[in-house]
Number of protein chains: 2
Amino acid sequence: MLATIRDVAKEAGVSVATVSRVLNETGYVHADTRKRVTEAMKHLNYSPNEVARSLYKKKSKLIGLLLPDITNPFFPQLARGVEDELQKGGYRILFGNSDENAAKELEYLNTFIQNNVVGIISATNNKSKTNYDGLSIPVVFLDRTSSDYPSVYADGKEGGRIAAEEIVKRGSKRITLLKGPAHIQPAQDRFQGALEELSRSDIDFHVMSTTSFAFEDAEKWAKELFFMYPDTDGVLASNDIVATAILHEALRLGKKIPEDIQIIGFDDIPQSSLLFPSLSTIRQPAYEMGKEAAQLLIKHINKERVHHQHIQMPVTFIERNTTRKV
Amino acid sequence: MLATIRDVAKEAGVSVATVSRVLNETGYVHADTRKRVTEAMKHLNYSPNEVARSLYKKKSKLIGLLLPDITNPFFPQLARGVEDELQKGGYRILFGNSDENAAKELEYLNTFIQNNVVGIISATNNKSKTNYDGLSIPVVFLDRTSSDYPSVYADGKEGGRIAAEEIVKRGSKRITLLKGPAHIQPAQDRFQGALEELSRSDIDFHVMSTTSFAFEDAEKWAKELFFMYPDTDGVLASNDIVATAILHEALRLGKKIPEDIQIIGFDDIPQSSLLFPSLSTIRQPAYEMGKEAAQLLIKHINKERVHHQHIQMPVTFIERNTTRKV
DNA sequence: TTCATGTATGTAACCGTTTACACATTTAAA
DNA sequence: TTTAAATGTGTAAACGGTTACATACATGAA
């Protein structure tokens with residue numbers, strides 16, 4: 001059995017209060033006593049029980065991290081950013097995938113609370129914001145905007161705008177703009193940005209709606225796109241996964257890239273640079289976003305004054321080989 | 001404040017013991033009483049505090065998941081398999097990345113224990129197995145063999161053998177065999193398997209050692225490989241990330257794939273099928289491995305009889321376009 | 001009718017910490 | 001020298017559940 005604070009107290013010949021004092025460096029402890037206690041701890045290989053601590057203090061060193069799906073290549077980077085930053089602060093992660101499913105989300109939120117997490121980072125896009133109301137612990141939304149909660153997100157609208165601008169500047173004349181899933185807000189932002197920019201230009205374009213970011217679905221839309229708009233010479237994809245599917249289908253149809261058709265993705269997931277031709281895209285700084293979210297959350301946990309509740313991260317056009325040179 | 005069992009008891013006009021009984025469906029409770037209690041719970045929006053429960057029972061519904069790095073595309077699949085299976089059993093995940101760093105690993109292991117996790121799944125490859133000894137809760141090793149602990153892993157040696165067999169069968173004559181990082185055991189297994197098979201053949205081959213699976217490093221080895229062995233016409237890479245780097249370098253050097261040089265990877269990470277040319281590889285069923293590991297762990301937690309402590313998952317050759325047809 | 005058994009509920013101890021409070025001793029200021 | 005403040009330590013009550021044990025009534029068999 002693991003040693004308890006009582007075992008240590010007995011071994012050191014003091015009371016549990018004294019042990020607790022050296023443990024937490026609170027109150028007065030005589031140097032000699034401290035030494036005896038520290039030695040007893042070492043001797044018994046003592047490590048305080050976080051559960052007992054958490055019960056009394058009504059707060060743990062745990063935070064809840066809720067992602068849509070870690071299997072989507074955009075999220076591991078986010079998660080890693082979050083973890084690296086939380087790690088430094090001594091926090092640990094209770095992790096869940098929501099699949100953008102309201103029931104699952106609620107279930108995880110409940111277990112977070114029941115386990116006394118001291119904060120939550122959520123990257124889900126469910127409407128059910130009400131899940132978070134009345135939660136009494138800080139919540140930071142990641143990859144998602146919110147007027148009610150602190151949030152960290154990339155400037156999707158500007159990203160969409162840049163993508164449109166770049167593809168037009170590079171000479172596409174008959175553009176297809178893919179509109180991502182309606183319930184994924186960042187997808188709508190980037191769509192909106194691109195839409196406005198295209199509308200401002202005198203370029204013909206079509207809009208095609210999609211309903212998921214799964215590669216298997218994207219393959220279908222890719223086929224549909226070239227069936228419906230065979231003369232498309234530029235595609236603004238809703239993210240890199242969809243862009244990859246488009247790229248593949250275009251190649252399969254014998255189109256030359258970027259000569260016959262230009263493609264711009266969104267996210268800059270790690271594999272995008274490895275495709276052939278490598279994918280031009282709008283980069284979101286995922287790792288940094290994760291870090292920012294964690295920092296913001298920690299500040300809220302510590303009740304520090306926070307000046308910017310909403311951190312909008314910059315997006316950048318990554319020029320690779322699915323776009324022509326200007 | 002959240003309602004406690006005492007609040008519910010008061011509201012329902014019973015003792016906490018009775019509330020606990022309806023909560024856990026233990027002992028006798030009169031139907032009428034149960035109804036009153038259930039209503040009080042609903043009314044107060046009561047949800048039991050897992051921390052208090054965990055403290056008394058000395059066990060939680062948490063399990064610890066330790067991965068080398070979620071950012072490595074092989075692991076999200078594993079993680080997802082683990083999560084999906086644990087979810088079903090009502091378990092939640094405490095998550096950490098070890099970076100194959102012994103200190104970090106130990107740190108996470110400690111917090112797992114301090115938080116009363118009821119089991120651990122570890123996919124690290126540190127020598128420091130001693131970290132796990134005397135842990136008193138079940139541990140399952142994932143993507144790693146162990147004689148002392150239950151484990152789930154792919155048949156790396158057979159995978160290496162198959163890769164060698166296939167590349168030889170398809171006509172490579174001057175093969176370079178990449179040996180993965182020495183401390184990553186699965187990398188050694190696949191190397192060993194390939195080595196034995198190649199030795200058995202009458203084909204010339206070189207062995208080149210590498211020390212990490214990071215893409216940036218792999219790019220360097222790719223350059224080095226073609227510098228040292230410019231006439232190589234077949235590469236058995238230590239995993240798909242390394243294979244991708246080789247593929248890129250070969251393309252950059254103007255080599256035709258698979259005519260001039262064949263490449264076989266290992267893992268079959270999601271992006272491998274998206275490369276151009278798409279990567280032939282040895283597939284490990286990552287998602288299923290995660291599931292198996294979770295199932296195995298749950299059986300141990302429930303102290304069920306387990307017939308196979310070591311689950312070796314099959315590997316398969318995925319024929320794509322970096323190998324020639326037979 | 002008696003008594004063993006089943007049903008129903010409550011009291012209080014316990015899980016391993018933290019901390020309010022009490023008490024004693026030392027130190028330093030008046 | 002007196003005394004307030006600083007130092008050092010212990011006791012016991014929390015935290016929110018679970019459960020051993022006690023108690024009481026209802027039921028049915030002997």
Side-chain angles (χ1 to χ4, degrees), chain A residues 1-38 40-41 44-62 90 110-111 113-118 136-137, chain B residues 1-38 40-41 44-62 110-118 136-137:
Chain A
M1 276 301 97
L2 262 43
T4 73
I5 199 173
R6 263 166 257 276
D7 299 327
V8 175
K10 187 181 286 178
E11 171 99 2
V14 297
S15 75
V16 293
T18 300
V19 178
S20 180
R21 282 186 203 106
V22 346
L23 211 50
N24 300 290
E25 302 183 358
T26 56
Y28 294 110
V29 181
H30 192 93
D32 296 353
T33 311
R34 179 187 322 270
K35 185 144 175 269
R36 286 213 317 285
V37 170
T38 320
M41 285 178 177
L44 296 173
N45 194 19
Y46 170 77
S47 209
N49 180 322
E50 285 297 335
V51 176
R53 220 173 227 188
S54 170
L55 177 60
Y56 183 86
K57 315 240 304 190
K58 292 169 186 281
K59 54 166 69 173
S60 63
K61 290 301 268 182
L62 266 27
N110 274 339
T111 51
I113 298 301
Q114 286 159 14
N115 283 285
N116 274 1
V117 301
V118 71
S136 87
I137 53 167
Chain B
M1 277 298 101
L2 262 42
T4 73
I5 199 172
R6 269 164 249 274
D7 300 327
V8 175
K10 186 181 286 180
E11 170 100 2
V14 297
S15 75
V16 293
T18 299
V19 178
S20 182
R21 281 191 277 262
V22 345
L23 210 51
N24 299 289
E25 302 184 0
T26 55
Y28 294 110
V29 180
H30 191 93
D32 296 352
T33 312
R34 165 169 313 153
K35 187 146 174 266
R36 286 215 316 285
V37 171
T38 320
M41 285 176 177
L44 297 173
N45 195 18
Y46 171 76
S47 208
N49 180 322
E50 286 297 335
V51 176
R53 223 174 223 184
S54 170
L55 178 59
Y56 182 86
K57 315 240 303 192
K58 292 170 186 283
K59 53 166 70 173
S60 65
K61 290 299 269 180
L62 267 27
N110 274 341
T111 50
F112 289 168
I113 297 301
Q114 286 158 13
N115 282 286
N116 274 0
V117 302
V118 72
S136 88
I137 54 166

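Chain A is the first sequence line, chain B the second, and so forth, proteins listed ahead of strands; every chain is numbered from 1.
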Could you state the [atom1]-[atom2] distance from [X] to [N], rounded to the nearest angstrom?
X: Leu55(B); N: dT17(C); atom1: CG; atom2: C1'; answer: 8 Å
X: Glu25(A); N: dT18(C); atom1: CD; atom2: C1'; answer: 15 Å
X: Glu50(B); N: dG16(D); atom1: CD; atom2: P; answer: 14 Å
X: Arg36(A); N: dT9(D); atom1: CZ; atom2: P; answer: 8 Å
X: His30(A); N: dG10(D); atom1: NE2; atom2: C1'; answer: 17 Å
X: Lys58(A); N: dG16(C); atom1: NZ; atom2: P; answer: 20 Å
X: Ile5(A); N: dT19(C); atom1: CD1; atom2: C1'; answer: 11 Å

Which nucleotide, [options], lies nearest any side-chain atom of [X]?
X: Leu23(A); options: dT18(C), dG17(D), dT9(C); value: dT18(C)
X: Tyr28(A); options: dT9(D), dT11(C), dC15(D); value: dT9(D)
X: Ala17(A); options: dT11(D), dG17(D), dT9(C); value: dT11(D)
X: Asn49(A); options: dT17(C), dT18(C), dG17(D); value: dT17(C)

On the side chain of Arg6(B), is there an atom forming a donor-acceptor pair with the base of dG17(D) - under 3.5 Å, no angle test?
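Yes, the side chain and the base share a sub-3.5 Å donor-acceptor pair.
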
Less than 3.5 Å between a donor and an acceptor, one on the side chain of Arg21(B) and one on the base of dG10(C), is that the case here?
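Yes.
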
Once rounded to the nearest 0.5 Å, what's the spacing between atom NZ of Lys58(B) and atom CD1 of Ile137(B)?
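Lys58(B) NZ to Ile137(B) CD1: 14.0 Å, rounded to 0.5 Å.
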
Could you tell me whether Lys61(B) atom NZ has more than 12 heavy atoms of other residues or ligands within 6.0 Å of it?
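Enclosed: over 12 neighbouring heavy atoms sit under 6.0 Å from NZ of Lys61(B).
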
